[in-house]
Amino acid sequence: MRIAALLLALALSACAAGLDGGASAPGVPGADARIARPARSVEEFGRALVRRVAPFPVTDPDGKPVREPFLGGFNVPRPQFADIDGDGDHDLFVQEVAGRVGFFERTDAGLEFTWRTDRFADLEVGEWYRFVDLDDDGDLDLVAEQLFSHIRAYRNVGDARSARFELAVDTLRDVTGRPIFSDRQNIPNLVDIDCDGRLDLFLGQITGTVVRYEAAGTDAGGIPRFEFVTDRWEDIEIVGMMASRHGANTLSFGDVEGDGDLDLFWGDFFEPGVLLIRNRGTCEAPDFRGEPEPFPVGDPLLTSGYNAPAPADLDGDGDLDMAVGVLGGAFNSNRSIVDNLYLLRQGTTWSVETGRLLATIDVGSDSVPRAVDLDGDGDLDLVVGNKIDPDRNETGSLRVFRNVGTATRPALVEEVPWRPAESFHPSPAFGDLDADGTPDFLLGRWNRHTDRWAGVEGAAGRGVAERFREVAAPYVELTRGSNSSPALADLDADGDLDLVVGEASGTLNLYRNEGTAQAPRFALVSDEWNGWRLGRRAVPAFGDLDGDGDLDLLVGTDLQGVLVFENVGTAQEASYEPRGALPIPAPVLAAPALGDFDADGDLDLVVGGMPGGLLYFENAGVR
């Protein structure tokens, strides 16, 4: 029995030391069926990773399927609708991070949008973007922030059905040739507000006022030059609800009343909802001198503030609908770390249909995934920690996604949140710490503490909170630093688990297990393992990436992505050399997890990060 227990402990240690992620099941649409071989180097491992947004079924706690679970999450989505492919419906664009914009194609008669890319046309868009027909040729061009706070323009040199963009000017200019300044905190807009056939450029100011320019001629490439009109357009001055302050803002236009002229929608840092300023004049003679009204009028949407409205007739019924991205303002930004991309529909009245227009896994912010067979049924489940529980401001939580499928065809069901410790940033590391055949875990916290939890024998069929009991809190304490992020692995092939803990300073702490597989005792070897300083955060994960029988190391960082460290030593004497970052789109505060979700013999990768969602990369093998 001791030998069997030891073998089982080693199997579970492999899970904690590398089986920390997921993969798509065979037969999933879009999977590459060509013959592939396992990676033979860490570089080949990186090249074998293929991103999948829907590799297998995922169901939310209410039993509703999550259509594209691995989009990566949203914290500050900036939406816009545009028919970029000329098929007569509105496609969706969403910017989550500076520099790039995601593209979701409208793919059915309903409001179903399918992810196509996180970096549309490989365009650099700074802090904001707007699609508009700049050169009046019938297709959509793009304006976006030019660092810092100018307005670059891309011309569509394709057509309305097949867009292709080229940089036209590095910044829009006025008629004198001077660059037009647009504060990057405020998202501007371009429309023909007075129906004279010339575009007007509107720049919201931090003072709550609006600057207006009007197109007056073009440059040699057909891009408009703009003439300054006023710095107090229509005498608008938005004063936010909180402490009568002005704030960062975004403005959009749409015909909310169906009377043939454009009304103004305003989102402000110090305003909990969207403000509507009606055009009380006509298209040819606009008049915006009325009072702002919380929108929808009579039953306004209230969020954490700094809302980015995107109006469009989404259902083709002739009236306006709207998406609203919540960037998070002065009204408790934790309220909007999950529900932050709203869909408002207009029928006889306006109604809020959802706060998650793009349904995906999203645990709030700073997600840290780990994979483990929690229930002993032979397949991998997924556990995800977060910074703060969206439902409780005073603590973080763990989200359990139980695999109700099989080892080769996963199907995940999200359970209710679990809060094993009243602490922010819970970060788990699973392994069998007492050789009893059930998984235990160490729990990193926001401070320097790491707690120990033991699995309860015979509790595999119970709820997750009943499967574990707290043993020691704290169990291991860092010498300094915060954001303890543990990983368990047998680093010297002696049959017990050792411990590496990442922290906020970007260093790794190595603890050697000087006890046994049944009774571990972790002794600090170094609080700056290998002398590495990896940025503002370090989240380690171990696995045999190149199939040579020893454990390599991945480390998630704040800004450098997921770094690879190859074990050029042996299973008994590890020696790590840096190999750069994995060639994948990693979020800020990347947190990697490795695991063979489809039981095909190689490691796949799940990555969490600041937006609170997950990215999934199938190890498709090397062709």
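Closest non-hydrogen pair, C283 versus G260, comes out as CB-O, 3.6 Å. The two residues S365 and I388 have their closest heavy-atom pair at OG-CG2, 4.4 Å. Between V562 and P592, the shortest heavy-atom distance links the atoms CG1-CB, 4.0 Å. The heavy-atom pair separating W266 from G204 by the smallest distance is CH2-CA, 4.2 Å. Smallest separation of non-hydrogen atoms from P611 and G73: CB-O, 3.5 Å. Across all non-hydrogen atoms, the minimal contact from S427 to V368 is OG-CG1, 3.6 Å.
Taking OG1 from T250 and CG from N189, the interatomic distance works out to 7.5 Å, rounded to the nearest 0.5 Å. The line from CG of L190 to CG of L199 is 6.0 Å long, rounded to the nearest 0.5 Å. Of the inter-residue distances, the one linking R537 atom CZ with T557 atom OG1 reads 10.5 Å to the nearest 0.5 angstrom. Remark: R289 CZ to I277 CD1 distance equals 12.0 Å, nearest 0.5 Å. Rounded to the nearest 0.5 Å, atoms CZ (F103) and CG (L123) are 12.0 Å apart. Rounding to the nearest 0.5 Å gives a distance of 5.5 Å between NZ of K387 and CG of D366.
Side chain of S423 to backbone of R445: no donor-acceptor contact under 3.5 angstrom is found. Although no hydrogens or angles enter the test, the distance criterion places a donor-acceptor pair under 3.5 Å between the side chain of R130 and the main chain of P188. In this structure, N186 contributes its side chain and N249 its backbone to a donor-acceptor pair below 3.5 Å. Here the side chain of D362 pairs a donor or acceptor atom with the backbone of F74 at under 3.5 angstrom. Judged purely by atom type and a 3.5 angstrom limit, T59 has no side-chain atom pairing as donor or acceptor with the backbone of K64. T171 places a side-chain N or O within 3.5 Å of a backbone atom of I151 that can act as its donor or acceptor partner. Judged by distance alone, with hydrogens and angles left aside, the side-chain atoms of E415 form no donor-acceptor pair with the main-chain N or O of F401 at under 3.5 Å. The backbone N or O of G197 lies less than 3.5 Å from a partner atom in the side chain of D192, making a donor-acceptor pair. A donor-acceptor pair under 3.5 Å links the side-chain atoms of T354 to the main chain of R356, judged by distance alone. Side chain of N386 to backbone of S367: no donor-acceptor contact under 3.5 angstrom is found.
Electrostatic pairing of D263 and R280 does not count as a salt bridge here, judged by no charged N lying under 4.0 Å from a carboxylate O. The existence of a salt bridge linking E293 and R278 is confirmed by a sub-4.0 Å separation between a basic side-chain nitrogen and an acidic carboxylate oxygen. Salt bridge annotation for R536-D558: present, with a cationic side-chain nitrogen under 4.0 angstrom from a carboxylate oxygen. Looking at D315 and R345, a side-chain N of the basic residue comes within less than 4.0 Å of a carboxylate O on the acidic one, giving a salt bridge.
For F288 and W233, the ring centers sit closer than 6.0 Å to each other. Checked against the 6.0 Å centroid criterion, the rings of F265 and F295 qualify as a close aromatic pair. The distance between the ring centers of F120 and F93 falls below 6.0 angstrom. The aromatic ring centres of F70 and F617 sit 6.0 Å or more apart.
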Evaluation steps, side chain to side chain contact (heavy atoms under 4.5 Å, CB included), between H246 and V239
CA-CA 5 Å; H246 309 287; V239 179; 3.7 Å; yes
Given D389 and R399, is the salt bridge (Lys or Arg N to Asp or Glu O under 4.0 Å) satisfied, shown in steps?
CA-CA 10 Å; D389 192 320; R399 302 298 177 98; 3.7 Å; yes
Chi angles and distances behind the salt bridge (Lys or Arg N to Asp or Glu O under 4.0 Å) call for R78, E127
CA-CA 10 Å; R78 285 147 278 185; E127 288 289 340; 3.6 Å; yes
Walk me through whether E68 and T360 qualify under side chain to side chain contact (heavy atoms under 4.5 Å, CB included).
CA-CA 5 Å; E68 294 183 311; T360 190; 5.6 Å; no
Let me see the working for V53 and L615 under side chain to side chain contact (heavy atoms under 4.5 Å, CB included), right down to the final yes or no.
CA-CA 7 Å; V53 299; L615 300 176; over 6 Å; no
Steps toward side chain to side chain contact (heavy atoms under 4.5 Å, CB included) verdict (W115, R51):
CA-CA 12 Å; W115 175 86; R51 184 171 177 198; 3.2 Å; yes
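Every pair passing side chain to side chain donor-acceptor pair (under 3.5 Å) that includes a residue from residues 199-217 is listed here, sequence neighbours excluded: D194-R212, R198-E214, D200-R212, T207-T209. Within the structure, every pair that satisfies the side chain to side chain donor-acceptor pair (under 3.5 Å) test and touches residues 318-338, not counting sequence neighbours, is listed here: S304-S336, N334-N393. Under the side chain to side chain donor-acceptor pair (under 3.5 Å) criterion, the residue pairs touching residues 91-105 are E105-R116, with sequence neighbours excluded. Sorted by first and then second residue, the side chain to side chain donor-acceptor pair (under 3.5 Å) pairs involving residues 142-161 (not counting sequence neighbours) are E145-R184, Q146-R152.
Side-chain atoms of T176 and D174 include a donor-acceptor pair closer than 3.5 Å. A donor-acceptor pair shorter than 3.5 Å can be found between the side chains of R67 and T114.
By the 4.5 Å heavy-atom criterion applied to side chains, V324 and L343 are not counted as neighbours. Counting heavy atoms from C-beta on, the side chains of L71 and F104 come closer than 4.5 Å. Two residues are said to be in side-chain contact when any heavy atoms from C-beta on lie closer than 4.5 Å; I223 and L172 meet this criterion. Residues L262 and I193 have side chains in contact (heavy-atom distance under 4.5 Å, counting atoms from C-beta outward). Counting heavy atoms from C-beta on, the side chains of L327 and N307 never come closer than 4.5 Å. The shortest side-chain heavy-atom distance between V211 and F202 does not fall under the 4.5 Å cut-off. The shortest side-chain heavy-atom distance between L614 and V384 falls under the 4.5 Å cut-off. Counting heavy atoms from C-beta on, the side chains of N279 and L264 never come closer than 4.5 Å.
Within a 6.0 Å sphere centred on CH2 of W446, other residues, nucleotides and ligands contribute 12 heavy atoms or fewer. Other residues, nucleotides and ligands contribute at most 12 non-hydrogen atoms within 6.0 Å of the CD atom of E291.
Under the rule for a ring pair (Phe, Tyr, Trp, His ring centres under 6.0 Å), F113 has no partner lying at least two apart in sequence or in another chain. Taking F81 as the reference, nothing meets the ring pair (Phe, Tyr, Trp, His ring centres under 6.0 Å) condition, with sequence neighbours excluded.
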